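The structure appears below as structure tokens.
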Amino acid sequence: MQRRILFVTGDTATPRTPEFLARHDLPCLAKPFLVEELKLAVHRALERSQKDEDADDNAGDAPPPPKSRSAHKGA
């Protein structure tokens with residue numbers, strides 16, 4: 001669910017906010033911004049959210065990797 005959130009901040013007084021967002025890889029748009037920048041940020045957040053959902057949906061579909069066989073049986 002966190003991938004669907006776009007943080008908008010004007011907090012420039014403390015470095016903790018951008019550090020937190022970067023550490024957790026959360027999308028952020030700093031104020032002031034242009035409408036086109038907002039549109040692009042929303043589009044990217046939606047794409048990212050969809051990719052994450054697709055990956056989660058397909059995670060259980062992959063068969064387990066084959067067991068490796070030793071070249072020397074009984075060794």
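If you read the sequence from its start, that first residue is 1, and numbering goes on from there. Note that this is a predicted model, so its numbers are computed, not measured. Heavy-atom basis, side chains included; hydrogens, waters and symmetry copies ignored.
Using a cutoff of 4.0 Å between basic side-chain nitrogens and carboxylate oxygens, Arg16 and Glu19 are not scored as salt-bridged.
No single ILVMFWY cluster, assembled from side-chain heavy atoms under 4.5 Å apart, contains both Leu40 and Leu26.
With sequence neighbours left out, Leu38 forms a side-chain contact (heavy atoms from CB on, under 4.5 Å) with Leu6, Leu29, Phe33, Val42.
The neighbour count for Arg23 CZ, taken as heavy atoms of other residues, nucleotides or ligands under 6.0 Å away, is above 12.
Contact of the Arg44 side chain with the Pro27 side chain is not registered, since no non-hydrogen atoms from C-beta on lie closer than 4.5 Å.
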